[in-house]
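This report refers to the structure that appears directly beneath it.
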Amino acid sequence: MGLLLLGAAAWLYGCFMPAFIAGKSINDLHGITYTIDPADGAENSRPDNHADYRKAYYAAEEAWRTSRNTWLDISSGVAISSLTVLLFLRANRLRTLVQLRRQRTINKTQFALWLNLGWGLLCISLYWYYYYRGGRDDYPPFADSIGIPLMYGGMALLVGWLLSNAVLLPALWPARLPAFLFEKPPRDTWQTRLTTAVLGFFILLTGLYAVLTIIDGDHLTIPVALLFLYLLLVLRGGYMRAFRNR
């Protein structure tokens with residue numbers, strides 16, 4: 001709750017902060033002037049092709065923009081991630097660390113359902129990400145259309161969705177669910193070590209990805225990243241329960 005309030009307060013501070021320093025605006029940034037080398041041809045003298053124009057644009061942007069977008073991104077990321085965790089704790093009535101360690105996981109059917117719902121939300125998040133940043137003028141006027149990253153991003157999400165189902169759903173078969181979220185291995189064997197190492201590697205990567213989405217303020221991707229982190233913990237708990245029941 002404290003992190004949620006802190007993130008919300010920082011976001012409000014960023015909202016009232018000007019996007020540009022005094023006397024400058026987005027119109028000034030888009031209307032900067034530059035010198036064209038007479039040796040350049042007519043095609044290279046166009047603003048969207050000329051290297052000098054791009055250098056002048058980025059230099060002016062760095063000098064004129066305030067830290068408003070950074071405040072908005074990080075603060076919203078902290079607020080959304082805190083709210084996501086808070087809702088999870090409240091929904092499961094978790095108030096202590098002991099209760100969290102003994103928290104029962106979802107079953108296999110729920111695992112598959114939440115996995116695919118997460119990928120569906122990522123598709124919506126992809127469109128929101130580019131439209132939100134385009135709406136606040138994050139991209140230069142000579143940048144390519146957002147249709148290109150949307151197309152390639154959609155293809156990447158499709159591949160990721162297929163791969164995750166192809167890998168995680170078969171891997172779910174030997175697990176015993178429901179289990180405790182932080183189930184401990186029954187004994188130290190090479191199977192438990194290997195399982196812990198493999199799943200621990202993917203848990204680490206997903207955790208880092210969640211941190212990056214929070215810093216970037218990728219609003220709708222944050223809860224999905226935390227969801228995928230939870231699902232990997234569920235899978236680990238299911239394997240530890242399977243080892244315990246052997």
Side-chain angles (χ1 to χ4, degrees), residues 3-4 7-8 10-20 25-27 29-30 48 54 57-58 61 65-88 91 106 110-169 202 205-232:
L3 287 174
L4 173 59
W11 183 81
L12 286 174
Y13 174 79
C15 283
F16 289 101
M17 179 184 294
F20 294 86
S25 67
I26 188 64
N27 293 328
L29 183 60
H30 288 178
D48 56 348
R54 295 173 183 246
Y57 180 93
Y58 287 125
E61 183 178 41
R65 277 194 186 270
T66 66
S67 58
R68 180 177 187 269
N69 288 349
T70 301
W71 276 91
L72 292 177
D73 290 341
I74 297 179
S75 62
S76 62
V78 170
I80 292 173
S81 60
S82 302
L83 178 61
T84 302
V85 174
L86 181 63
L87 291 176
F88 172 79
I106 56 180
Q110 293 170 323
F111 184 101
L113 177 62
W114 280 108
L115 175 66
N116 288 281
L117 284 176
W119 283 103
L121 183 56
L122 281 181
C123 293
I124 301 175
S125 172
L126 175 67
Y127 282 84
W128 170 249
Y129 182 89
Y130 286 104
Y131 278 111
Y132 170 74
R133 278 157 176 75
R136 70 180 189 184
D137 298 311
D138 281 11
Y139 306 122
F142 50 80
D144 293 330
S145 168
I146 62 172
I148 295 176
L150 286 177
M151 180 183 68
Y152 284 107
M155 293 172 59
L157 289 179
L158 177 61
V159 173
W161 171 63
L162 294 174
L163 283 177
S164 66
N165 278 269
V167 173
L168 291 179
L169 294 186
F202 287 105
L205 288 182
T206 307
L208 291 175
Y209 176 64
V211 171
L212 291 177
T213 60
I214 292 172
I215 295 174
D216 192 38
D218 193 349
H219 302 154
L220 299 181
T221 303
I222 293 171
V224 178
L226 295 175
L227 169 64
F228 288 167
L229 181 62
Y230 169 76
L231 292 179
L232 288 172

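Rounded to the nearest 0.5 angstrom, I146 CD1 and D138 CG are separated by 12.0 Å. The distance from atom CG of L126 to atom CG of D218, rounded to the nearest 0.5 Å, is 9.0 Å. In this structure, the separation between OG on S75 and CG on L12 is 8.5 Å, given to the nearest 0.5 Å. The distance from atom OG1 of T213 to atom CG of D73, rounded to the nearest 0.5 Å, is 11.5 Å. Atom CG of L226 sits about 11.5 Å away from atom CG of L87, to the nearest 0.5 Å. The line from CD1 of I124 to OG1 of T221 is 11.0 Å long, rounded to the nearest 0.5 Å.
Across all non-hydrogen atoms, the minimal contact from L232 to T206 is CD1-OG1, 3.2 Å. The minimum heavy-atom distance between E61 and L29, with the atom names listed, is N-CD1, 3.6 Å. Taking all atoms of both residues into account, the shortest heavy-atom contact from L4 to A79 is CD1-O, 3.3 Å. G118 and L227 get closest at one heavy-atom pair: CA-CD2, 4.0 Å. Scanning all heavy atoms of the two residues, the minimum distance from G207 to L229 falls at N-CD1, 4.1 Å. The shortest heavy-atom contact between L122 and V224 is CG-CG1, 3.6 Å.
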(Q) Between T70 and M17, does the side-chain contact (heavy atoms from CB on, under 4.5 Å) criterion hold? Intermediate values first, please. (A) CA-CA 11 Å; T70 301; M17 179 184 294; over 6 Å; no
(Q) Apply side-chain contact (heavy atoms from CB on, under 4.5 Å) to residues Y230 and W114 and explain how you reach the verdict. (A) CA-CA 10 Å; Y230 169 76; W114 280 108; over 6 Å; no
Q: Could you walk me through whether T84 and I80 pass side-chain contact (heavy atoms from CB on, under 4.5 Å), step by step?
A: CA-CA 6 Å; T84 302; I80 292 173; 4.2 Å; yes
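With a 6.0 Å radius and a threshold of 12 heavy atoms from other residues, nucleotides or ligands, Y131 has its OH atom at or below the threshold. Within a 6.0 Å sphere centred on CZ of F88, heavy atoms belonging to other residues, nucleotides or ligands number more than 12.
Residues L231 and I106 meet the side-chain proximity criterion, which asks for heavy atoms closer than 4.5 Å.
Residues satisfying the ring pair (Phe, Tyr, Trp, His ring centres under 6.0 Å) criterion with F20, sequence neighbours excluded, are absent altogether. With sequence neighbours left out, the ring pair (Phe, Tyr, Trp, His ring centres under 6.0 Å) criterion links W71 to Y13. Listed by chain and residue number, nothing satisfies the ring pair (Phe, Tyr, Trp, His ring centres under 6.0 Å) test with Y139 (two or more places apart in sequence, or in another chain).
Aromatic ring orientation, W119 versus F228: tilted (interplanar angle from 30° to 60°).
The backbone N or O of L72 sits less than 3.5 Å from a side-chain atom of S76, completing a donor-acceptor pair. In this structure a side-chain-to-backbone donor-acceptor pair under 3.5 Å is missing from R68 to P18.
Between Y58 and F142, the gap from one ring centroid to the other is short of 6.0 Å.
Seen from the ring of Y129, R133 counts as a face-on cation partner, given the 6.0 Å and 45° thresholds.
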